[in-house]
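Remember, it's 1-based here, ligands and their atoms both numbered in the order they're listed. Bear in mind that the values here come from a model prediction, so they are computed numbers and not experimental data.
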Amino acid sequence: MTNCDIKDKNLAPAGKRRIEWAERDMPVLSLVKEKFSKSQILSGKKMSACLHITAETANLARALKAGGADIVLCASNPLSTQDDVAASLVVDYGIPVYAIKGEDNKTYYRHLIAAVEHSPVVTMDDGCDLVSAISAKHPEIAKQIIGSMEETTTGVIRLKAMERDGALKFPVFAVNDAQTKNLFDNRYGTGQSTVDGIIRATDFLIAGKNIVVAGYGWCGKGFAMRCKGMGANVIVCEINPVKAIEAAMDGFRVMTMAEAAPIGDLFCTLTGDMHVLRPEHFSEMKNGAIICNSGHFDIEIDIKGLKKIAKEEKKNVRNFVDQFILPSGRSIFLLAEGRLVNLGAAEGHPASVMDMSFSTQALATEYAIINADKLKHKVYDVPQEIEDWVATAKLKSMGITIDKLTPEQVKYLASWQEGT
Ligand code: ADE
């Protein structure tokens with residue numbers, strides 16, 4: 001019997017179909033799985049992974065298990081779990097899972113503790129909750145950890161704060177910061193899946209709408225680009241002056257949130273920071289304005305502040321849509337409880353892009369194990385050779401070949417004498 005706390009084991013057949021469907025689009029991860037099956041690099045290693053429980057994550061877990069890992073999974077967000085996938089992982093693949101879509105905060109942390117109690121030597125995180133729990137309350141486990149992988153921007157920011165405070169007790173790899181992750185997953189993955197979540201939740205027509213994008217990092221850029229491509233008038237709000245110029249030169253209107261509030265039809269936060277949308281903005285919004293978040297935590301929209309100023313709240317006027325009626329009589333619609341709309345109301349990023357992110361995760365894990373005796377208690381970048389391996393394999397799977405430098409070009413690039 002595989003340990004678990006999931007919604008319903010009878011959902012397993014549907015989950016298995018989803019996992020297999022995703023696998024078709026994850027050729028690089030399949031290569032990693034083959035490599036791990038042969039090397040057994042993770043043999044006997046206890047692993048805990050706090051990730052979004054999706055079909056793509058299931059394929060990552062299968063690859064790690066094929067390499068010999070004794071792995072358990074818990075959710076990295078209360079709303080992102082695909083219950084059928086969780087069931088299939090337990091029933092068909094014998095992988096313990098602690099995750100139920102819509103779980104309350106207490107259950108979320110109970111599940112996290114189950115992953116801690118597995119007593120891992122390797123961890124994976126999407127948001128740093130597992131590392132944070134282990135570091136704060138379980139020094140005996142922190143001591144045994146060989147390496148930890150972090151999947152998302154918010155998690156890397158937390159880890160760097162831990163490193164600065166001397167609180168980091170084991171080596172960590174910032175998988176998010178690998179180009180094979182953020183240039184594709186953050187940009188094209190978030191771009192597409194955020195549009196997908198909004199459309200599934202609302203049936204909203206993008207064309208002709210004023211869409212306000214808060215944050216112009218890779219996620220914000222991806223979302224803004226997709227909305228523009230679908231005919232929206234995109235407005236960008238950004239606090240970083242360089243990124244703000246970039247947004248302006250990419251052809252977007254750039255302004256403050258106070259200026260954008262009365263104009264926007266839909267607002268999406270992708271900043272990683274708190275209270276980007278707050279009461280002073282809500283009260284200026286048009287009747288029917290839609291607000292959502294695609295950043296990691298549900299802090300980007302001040303929901304408590306919205307509840308405080310609303311005279312009435314109607315839950316679930318449509319799946320994943322709550323209505324707030326303000327004293328002015330105007331309504332604001334909040335999607336997916338302010339949690340990441342792409343995973344709450346849709347299926348997260350497509351498998352094809354997670355293929356690169358999760359191959360990078362898996363190979364960083366292999367690297368951490370092979371180099372365990374050399375690594376310090378630091379936040380490491382993913383080594384370039386892993387990025388090159390993943391990019392080369394992905395290109396090959398896409399049927400793309402690229403040019404190679406000629407010997408003359410190699411020599412030229414290595415020289416400094418030749419000029420005009
Ligand atoms: N993060 C964003 N999309 C995801 C997905 N499909 N699976 C796992 N993590 C994700």
Trainee: Geometry only, no angles: is Thr54 polar-contacting ligand 1 at N/O separations under 3.5 Å?
Mentor: yes

Trainee: Does Lys181 pair with Asp177 as a salt bridge, N-O distance under 4.0 Å?
Mentor: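 Salt bridge: no.
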
Trainee: Heavy atoms only, cut-off 4.0 Å: how does Leu343 contact ligand 1, side chain, backbone, both, or neither?
Mentor: side chain

Trainee: Considering only the protein, which heavy-atom contact is closest to atom 10 (C) of ligand 1, and what is its distance?
Mentor: Met354 CE, 3.6 Å

Trainee: What do you reckon, does Glu347 put a non-hydrogen atom under 4.0 Å from ligand 1?
Mentor: yes

Trainee: Identify, for atom 1 (N) of ligand 1, the protein heavy atom at the shortest distance, and state residue, atom and that distance.
Mentor: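 Of every protein heavy atom, His52 CD2, 3.7 Å lies nearest to atom 1 (N) of ligand 1.
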
Trainee: Going by distance only, is there an N or O of His349 that falls short of 3.5 Å from an N or O of ligand 1?
Mentor: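 Among all N and O atoms of His349, at least one is under 3.5 Å from an N or O of ligand 1.
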
Trainee: How does Glu56 reach ligand 1, by side chain, by backbone, by both or by neither, if only non-hydrogen atoms under 4.0 Å count?
Mentor: side chain

Trainee: Parallel, tilted or perpendicular, judged at 30° and 60°: which one describes the rings of Phe173 and Tyr380?
Mentor: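 Judged by the thresholds at 30° and 60°, the geometry between Phe173 and Tyr380 is parallel.
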
Trainee: Would you please determine whether Thr57 falls within less than 4.0 Å of ligand 1 on a heavy-atom basis?
Mentor: yes

Trainee: Would you call the rings of Tyr216 and Phe252 parallel, tilted or perpendicular, taking 30° and 60° as the class edges?
Mentor: perpendicular

Trainee: Any salt bridge between Glu103 and Arg110, counting N to O under 4.0 Å?
Mentor: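 Between Arg110 and Glu103 there is no salt bridge, as every charged N stays at least 4.0 Å from the carboxylate O atoms.
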
Trainee: Is Lys35 salt-bridged to Glu366, going by a charged N under 4.0 Å from an acidic O?
Mentor: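 Looking at Glu366 together with Lys35, the answer is yes, because their closest N to O distance falls below 4.0 Å.
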
Trainee: Crowded around Gln179 CD? As in, over 12 foreign heavy atoms under 6.0 Å?
Mentor: no

